[in-house]
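Heads up, the thing below is written out as structure tokens.
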Amino acid sequence: MGDGNKNCFACCFSTATTSSSSSSTIKLLFFIVPLILVSFIVFVLVPRNSTWVLISSLPSSSSSSFAPAANSSEKFGAATHAEGSSRVGTVVDSIVHGGLEEEALSDEAALNHPASPPLAVEAVTKIHELNETKEDSLSITINGSDSLNISITGTPNATISLNESIALPLKQSRQVRTKLDKLEAGLQRARAAIKEAKNGSQLQDRDYVPIGPMYWDAKAFHRSYLEMEKQFKVFVYKEGEPPVFHDGPCKSIYSMEGNFIYKMDVDSKFQTKDPEKAHVFYLPFSVAKMVQFVYLRDSHDFGPIRRTVIDYVNTIAQKYPYWNRSLGADHFMLACHDWGPEASFSLPYLQENSIRALCNANTSEKFNPVKDVSIPEINLQTGKLTGLIGGPSASRRPILAFFAGGVHGPIRPVLLEHWEDKDEDIKVHKYLPKGVNYYDMMRNSKYCICPSGYEVASPRIVEALYNGCVPVLISKSYVPPFSDVLRWKSFSVLVSVDDIPRLKEILTKISPRQYIRMQRRVRQVRRHFEFNSPPKRFDVFHMILHSVWLRRLNVRISDDHGVMPN
């Protein structure tokens with residue numbers, strides 16, 4: 001104790017002695033002496049790196065809600081593209097490669113910012129990212145037992161857990177959790193369940209149990225699908241009038257656009273009328289209808305299509321807070337027209353941030369498998385599957401391989417040059433001979449050749465699956481549908497363009513036993529490509545939703561315009 005404190009103590013004691021007649025002074029003495037002794041003990045015994053020192057270093061709760069580490073003003077799209085396919089720890093990776101890393105639930109962005117959001121084309125991206133290089137930054141998370149964890153990066157052994165019963169620090173540092181926080185907590189539980197499913201027992205299912213080498217991880221896929229059924233909710237924007245919005249072709253090569261829009265508009269299981277309960281938001285426009293009603297034929301001018309998309313996104317961004325909250329990261333579009341990617345280029349955030357479900361899944365045209373969804377192209381000429389599904393067993397297919405179709409794009413001319421009318425075992429035609437039925441040829445063939453045309457997608461892939469014919473995919477930069485779940489090499493043959501001259505050699509090297517296995521797998525995975533009205537579990541409608549669900553699990557959204565890739 002310093003001399004000043006000693007003199008103060010002596011002065012008080014002396015005053016009390018000389019003024020013993022004053023009872024009030026004696027009472028004051030009895031209060032002061034214990035207080036000084038307690039102060040001395042606290043000063044000597046309490047360590048300098050105590051909890052209270054850390055709490056005092058936290059930012060004021062009135063300034064902003066907590067975010068992990070440091071803030072970043074870079075675009076979310078730029079962040080995802082920088083990481084690209086090399087990013088690990090995504091839920092898609094957990095199903096494809098079993099690589100989901102254990103995470104802690106972040107208590108991010110507790111309160112909405114009341115400021116009016118800018119238009120979608122004017123919005124500035126604000127993303128909270130983990131800054132691993134900044135020293136002495138704070139990271140605040142909630143663990144499974146709901147205790148607050150505060151860790152300081154750059155300072156060894158500076159991690160402290162505080163139980164919520166310690167009222168004062170938590171009142172200073174933690175905001176009330178919003179509906180979005182609770183929504184994200186549910187998604188976190190789903191991530192954990194998917195991870196645990198890899199090492200768990202196979203779940204039972206009344207309809208179908210995924211099993212076999214056709215799946216990257218059948219258990220993880222099944223658990224993910226069940227989690228989707230349990231909690232996934234989609235908000236469909238009501239703005240926009242047919243035929244461009246809430247409408248689409250249902251009886252053409254672009255049938256998935258119209259059928260998906262219709263099913264989502266009437267769906268009662270996954271659709272929610274309350275946007276506060278939605279995990280994703282659907283932009284219900286049809287690119288095929290835009291080409292028909294907005295695009296000026298043969299003009300080669302995409303301006304009208306782009307302006308339509310921009311106007312629509314700006315409309316919903318002004319009316320609702322959700323687009324600007326995530327800059328489109330929890331929004332998705334679906335297009336089967338070849339110009340679907342072109343329409344998405346109308347807005348940088350739509351291309352870079354949003355989930356794009358595309359038939360034209362071409363990585364050379366900025367398709368990003370981590371964020372985007374490859375969907376099948378299905379040519380429903382009558383709107384139904386009547387007469388499209390079937391075919392004999394593997395032993396009753398005399399033709400080795402078959403193709404018939406128009407000569408367009410860079411691949412098909414090469415195929416016809418080497419194989420048209422060149423071999424009795426490989427039936428390659430520009431036009432089918434009169435009296436020959438296209439589907440009968442598929443049903444009598446072991447392998448159905450599916451080369452890309454002008455664009456990478458081809459309805460022949462689904463047609464081959466429908467008819468029990470093993471698909472032979474010949475393409476460049478194409479991501480086959482539902483590749484996040486399905487292991488295409490187990491039930492199809494992938495041939496490079498350079499290997500087209502060796503096509504017969506490649507197919508004949510596949511043993512009869514292996515071909516029979518592949519053909520059985522084709523018949524098993526076919527259910528994931530079947531169109532049903534009303535939809536059935538595990539069919540193409542649900543598989544599209546499941547792929548969107550997986551992409552939503554890969555990001556976390558906060559109320560203060562924050563997006564974090566998982």
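Residues forming a side-chain hydrogen bond (donor to acceptor under 3.5 Å, both in side chains) with E377 (at least two apart in sequence, or on another chain): none.
More than 12 heavy atoms of other shown residues, nucleotides or ligands fall within 6.0 angstrom of atom CD in Q514. Around NZ of K251, the count of heavy atoms belonging to other residues, nucleotides or ligands within 6.0 Å does not exceed 12. For E505, the CD atom counts as densely surrounded, since its 6.0 Å shell holds more than 12 non-hydrogen atoms of other residues, nucleotides or ligands. Shown here is R517, whose CZ atom has more than 12 heavy atoms of other residues, nucleotides or ligands within 6.0 Å.
The heavy-atom pair separating V470 from S492 by the smallest distance is CG1-CA, 4.0 Å. Of all the heavy atoms in R412 and S458, the pair that sits closest is NH2-OG, 4.2 Å. The two residues S547 and D484 come nearest to each other via the heavy atoms OG-OD2, 3.2 Å. Among all heavy-atom pairs drawn from L486 and P481, the shortest one is CD1-O, 4.3 Å. Taking every heavy atom of both residues into account, D247 and P242 meet most closely at CB-CB, 4.1 Å. Closest heavy-atom contact between S354 and D372: O-OD1, 3.6 Å.
A distance-only check finds a donor-acceptor pair linking the side chain of R551 to the backbone of P369 [under 3.5 Å]. At distances below 3.5 Å, at least one donor-acceptor pair connects side-chain atoms of H246 with backbone N or O atoms of E239. Between the side chain of S252 and the backbone N or O of P249 there is no donor-acceptor pair closer than 3.5 Å. Between the side chain of D423 and the main chain of D425, a donor-acceptor pair closer than 3.5 Å is present. Side chain of Y322 to main chain of D330: no donor-acceptor pair is present (N/O by atom type, distance under 3.5 Å, no hydrogens or angles). For R397 (side chain) and R443 (main-chain N/O), a donor-acceptor pair under 3.5 Å exists by modelled atom type. The main-chain N or O of V479 is never found under 3.5 Å from a side-chain atom of S483 such that the two would form a donor-acceptor pair. When atom types are taken as modelled, the side chain of S445 and the backbone of C448 share no donor-acceptor pair closer than 3.5 angstrom. In this structure, the side chain of S344 does not engage the main chain of L350 through any donor-acceptor pair within 3.5 Å. Of the possible donor and acceptor atoms, one in the side chain of Q519 sits under 3.5 Å from a partner among the backbone N and O of G468.
A 4.5 Å side-chain heavy-atom check between V280 and K233 finds every atom pair outside the cut-off. Contact annotation: the side chain of S364 never approaches that of K476 to less than 4.5 Å [non-hydrogen atoms, C-beta and beyond]. Counting heavy atoms from C-beta on, the side chains of F491 and R520 never come closer than 4.5 Å. Within the 4.5 Å cutoff, the side chain of K198 has no heavy atoms near those of the K219 side chain. For the pair L380/L388, a side-chain contact is recorded, criterion being any heavy-atom separation below 4.5 Å from C-beta on. The shortest side-chain heavy-atom distance between P243 and F293 falls under the 4.5 Å cut-off. Contact annotation: the side chain of I305 never approaches that of F345 to less than 4.5 Å [non-hydrogen atoms, C-beta and beyond]. Side-chain contact between F285 and M290 is present, with at least one heavy-atom pair separated by less than 4.5 Å.
Aromatic rings of F235 and Y237 (six-membered ring for Trp) have centroids within the 6.0 Å cut-off, being under it. Ring pair F245/Y312: centre-to-centre distance below 6.0 Å. Outside the 6.0 Å centre-distance limit, the rings of W549 and Y225 are not counted as a close aromatic pair. Between W216 and F221, the ring center distance fails the sub-6.0 Å criterion. In summary, the aromatic rings of Y515 and Y447 are positioned with their centroids under 6.0 Å apart. Outside the 6.0 Å centre-distance limit, the rings of F482 and Y215 are not counted as a close aromatic pair.
Taking the ring axis of F403 as reference, the NZ or CZ atom of K427 does not stay both within 45° of it and closer than 6.0 Å to the ring centre.
One finds the CD1 atom of I516 at 8.5 Å from the OG atom of S511 (value rounded to the nearest 0.5 Å). Rounding to the nearest 0.5 Å places CZ of R460 at 14.0 Å from CG of L465. Between the CG atom of D217 and the NE2 atom of H222 there is a distance of 12.5 Å, given to the nearest 0.5 Å. Taken to the nearest 0.5 Å, the CG atom of N467 stands 11.5 Å off from the CZ atom of R523. Remark: N314 CG to L347 CG distance equals 7.0 Å, nearest 0.5 Å. Summarising the geometry, atom CG belonging to N554 is positioned 11.0 Å from atom CG belonging to L187; distances are rounded to the nearest 0.5 Å.
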### Task
Determine, stepwise, if the pair K536 / D207 fulfils salt bridge (charged side-chain N to carboxylate O under 4.0 Å, His left out).
CA-CA 10 Å; K536 298 179 181 179; D207 293 327; over 6 Å; no

### Query
Could you go step by step and tell me if V373 and L550 meet the side chain to side chain contact (heavy atoms under 4.5 Å, CB included) rule?
CA-CA 10 Å; V373 174; L550 284 182; over 6 Å; no

### Task
Report the C-alpha separation of S533 and K263 in whole Å, then their side-chain angles, then the decisive distance to 0.1 Å, and conclude whether the side chain to side chain donor-acceptor pair (under 3.5 Å) test is met.
CA-CA 9 Å; S533 185; K263 298 303 178 187; 2.6 Å; yes

### Task
For S326 and N353, run side chain to side chain donor-acceptor pair (under 3.5 Å): C-alpha distance rounded to whole Å, both residues' side-chain angles, the deciding distance at 0.1 Å, then the answer.
CA-CA 9 Å; S326 68; N353 294 8; over 6 Å; no

### Query
Does the pair K366 and E352 meet the rule for a salt bridge (charged side-chain N to carboxylate O under 4.0 Å, His left out), with working shown?
CA-CA 9 Å; K366 301 181 180 180; E352 298 174 358; over 6 Å; no

### Message
Using side chain to side chain contact (heavy atoms under 4.5 Å, CB included), reason through T272 and V234 one step at a time and then give a plain yes or no.
### Response
CA-CA 6 Å; T272 177; V234 180; 6.0 Å; no

### Message
Checking D499 against S496 for the side chain to side chain donor-acceptor pair (under 3.5 Å) test, could you report, in this order, the C-alpha distance in whole Å, the side-chain angles of both residues, the deciding distance, and whether it holds?
### Response
CA-CA 5 Å; D499 285 334; S496 68; 3.1 Å; yes

### Task
Determine, stepwise, if the pair F541 / F531 fulfils ring pair (Phe, Tyr, Trp, His ring centres under 6.0 Å).
CA-CA 7 Å; F541 173 76; F531 169 78; 9.0 Å; no

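Using the six-membered ring where Trp is involved, H331 and W323 have ring planes that are perpendicular, over 60° apart on the 30 and 60° scheme.
Under the 3.5 Å distance criterion, with hydrogens and angles disregarded, no donor-acceptor pair is assigned to the side chains of Q271 and Y282. For the residue pair E257/S286, the side-chain donor-acceptor check at 3.5 Å is satisfied. A donor atom on one side chain and an acceptor atom on the other are not found under 3.5 Å apart for R521 and Q524.
D539 has no carboxylate O lying under 4.0 Å from a charged side-chain N of R527, or vice versa, which leaves the two without a salt bridge. For the pair E227 and K230, the salt-bridge criterion is met [side-chain N within less than 4.0 Å of a carboxylate O].
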